[in-house]
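Below is one structure, written out as structure tokens, with a few remarks after it.
Computed from a predicted model, the values in this text were never measured in an experiment.
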Amino acid sequence: MASRDSPFPLFGGAVESLIPSSFIDASDLREIPDNQEVFIDTLTNESLIFEILELEEDIPNEQAASFHFQQLASDNDASDESEIISIEYLRPGIDLTHMQNDAHLTYLFGRQKIAKYRDTDPLARNVVNIYLICIRLFSVQTDFIITYNHPIAFGPASREIAGVWSSSENDAVEKFRASVQSFEIKDWTLFQN
């Protein structure tokens, strides 16, 4: 699926990123915390989340993405059913051209088995590929997390199974890559307390 032609304003225009054209702003459907921007594709159940978190100073840079992935697994009640598949360290100004040089960038690819709506039936768990970028912004004591959730298999009792089309892994990776590579902080006062 194509991305919008121009970057989409996030957090009141303080940040910009390309958002896939098939995605809608989740805040039009439900309340979203102020530290998040959430977009969903209602046909594929894919989601793209931008999240501003306080820098976890006691977590080493090399472990920051893993830490946030495990936090996500805990939030998804998937701690026992999650795996990290790969981790890659990126270069600010090169891999993310709009990023300041003192940022620490980590890409993580993982998988979790997640049940929507806190369903307790183990057969309701969906297998979800998770693409995550952890951007450590030391100058503003912030971990900026971009997460793309791509369901690849639906549990037989999942409420999400009916009428859902799944995009290919390559399509999901390309949509995530376009959002990440276009990510740009336009107004650093966003991070002031």
Side-chain angles (χ1 to χ4, degrees), residues 1-4 8 10 17-26 29-30 32 36-51 53 62-90 95-96 105-136 143-183:
M1 301 243 163
S3 292
R4 291 181 167 95
F8 190 82
L10 307 169
S17 183
L18 291 176
I19 306 299
S21 60
S22 61
F23 282 50
I24 62 171
D25 189 336
L29 305 174
R30 65 177 188 262
I32 303 295
Q36 292 182 353
E37 293 275 1
V38 179
F39 299 87
I40 56 173
D41 185 324
T42 56
L43 291 178
T44 65
N45 283 322
E46 293 172 24
S47 60
L48 177 62
I49 303 165
F50 299 84
E51 188 168 21
L53 300 171
E62 296 74 25
Q63 296 173 12
S66 299
F67 171 80
H68 289 293
F69 179 80
Q70 294 305 332
Q71 287 293 118
L72 181 61
S74 177
D75 293 346
N76 289 333
D77 292 328
S79 294
D80 295 335
E81 298 188 77
S82 70
E83 66 175 314
I84 294 172
I85 297 168
S86 66
I87 294 178
E88 181 181 343
Y89 302 105
L90 306 177
D95 296 315
L96 267 76
L105 312 170
T106 307
Y107 165 74
L108 180 147
F109 169 53
R111 189 168 289 142
Q112 296 178 5
K113 282 186 137 182
I114 302 167
K116 287 276 217 152
Y117 314 111
R118 301 283 186 211
D119 197 327
T120 57
D121 183 346
L123 296 177
R125 293 192 168 274
N126 304 319
V127 179
V128 179
N129 281 348
I130 297 176
Y131 308 96
L132 182 148
I133 293 280
C134 177
I135 303 169
R136 302 204 94 184
D143 281 345
F144 201 111
I145 309 299
I146 305 172
T147 309
Y148 193 99
N149 299 303
H150 175 228
I152 59 169
F154 296 94
S158 174
R159 292 189 238 172
E160 298 299 318
I161 197 165
V164 174
W165 176 81
S166 182
S167 65
S168 73
E169 190 170 322
N170 285 343
D171 284 346
V173 168
E174 284 305 312
K175 288 185 272 189
F176 179 63
R177 183 175 291 136
S179 293
V180 168
Q181 289 176 338
S182 64
F183 175 82

- Does Tyr89 use its side chain to pair, donor to acceptor, with the backbone of Glu62 at less than 3.5 Å? yes
- Message: As an exercise, state the distance from CG of Leu48 to OG1 of Thr147, rounded to the nearest 0.5 Å.
- Response: 8.5 Å
- Hey, mind stepping through Leu10 and Ser17 against side chain to side chain contact (heavy atoms under 4.5 Å, CB included) and telling me if it holds? CA-CA 7 Å; Leu10 307 169; Ser17 183; 4.0 Å; yes
- Query: Between Arg111 and Glu81, is the closest basic N to carboxylate O distance under 4.0 Å?
  - Reply: no
- Between Phe50 and Phe39, what is the ring plane arrangement, given parallel below 30°, perpendicular above 60°, and tilted in between? perpendicular
- Message: Using side chain to side chain contact (heavy atoms under 4.5 Å, CB included), reason through Ile146 and Glu37 one step at a time and then give a plain yes or no.
- Response: CA-CA 10 Å; Ile146 305 172; Glu37 293 275 1; over 6 Å; no
- Item | Leu72 side, atom CG; Asp75 side, atom CG - distance, nearest 0.5 Å | 6.5 Å
- Query: In Å and rounded to the nearest 0.5 Å, what is the CD to CD1 distance from Gln70 to Ile84?
  - Reply: 5.0 Å
- Task: Mind listing the closest non-hydrogen atom pair of Ile114 and Ala78 along with its distance?
- Result: CG1-CB, 4.4 Å
- Item | Side-chain donor or acceptor of Ser179 paired with backbone N/O of Leu18 under 3.5 Å | yes
- Determine, stepwise, if the pair Ser86 / Leu108 fulfils side chain to side chain contact (heavy atoms under 4.5 Å, CB included). CA-CA 6 Å; Ser86 66; Leu108 180 147; over 6 Å; no
- Item | Leu105 vs Cys134 side-chain heavy atoms within contact, under 4.5 Å | no
- Note on the structure: Only residue of Phe176, Phe8, Phe144 satisfying ring-ring contact (aromatic ring centres under 6.0 Å, His included) with Phe183 is Phe144
- If only atom types and distance count, is the side chain of Ser74 paired as donor or acceptor with the main-chain N or O of Ser79 below 3.5 Å? no
- Item | Reported CG-to-CD distance for the pair Asp171 and Glu46, which is rounded to 0.5 angstrom | 8.0 Å
- Any donor-acceptor N/O pair, Asn126 side chain to Val128 backbone, under 3.5 Å: no
- Gap between atom CZ of Phe109 and atom CG of Leu132 - 0.5 Å precision: 12.0 Å
- Flag side-chain contact, heavy atom, 4.5 Å: Asn45 against Ile40: no
- Message: What I'd like to find out is whether the side chain of Ile145 reaches to under 4.5 Å of the side chain of Ile49, using heavy atoms alone.
- Response: no
- From OH (Tyr148) to NZ (Lys175), nearest 0.5 Å: 3.5 Å
- Item | Partners passing side-chain hydrogen bond (donor to acceptor under 3.5 Å, both in side chains) against Arg136 (at least two apart in sequence or in another chain) | Asn61, Asp143
- Message: If I compare all heavy atoms of Lys113 with all of Arg125, which pair ends up nearest, and what's the gap?
- Response: O-NH1, 2.8 Å
- Is there side-chain contact between Ile87 and Ser66, with heavy atoms separated by less than 4.5 Å? yes
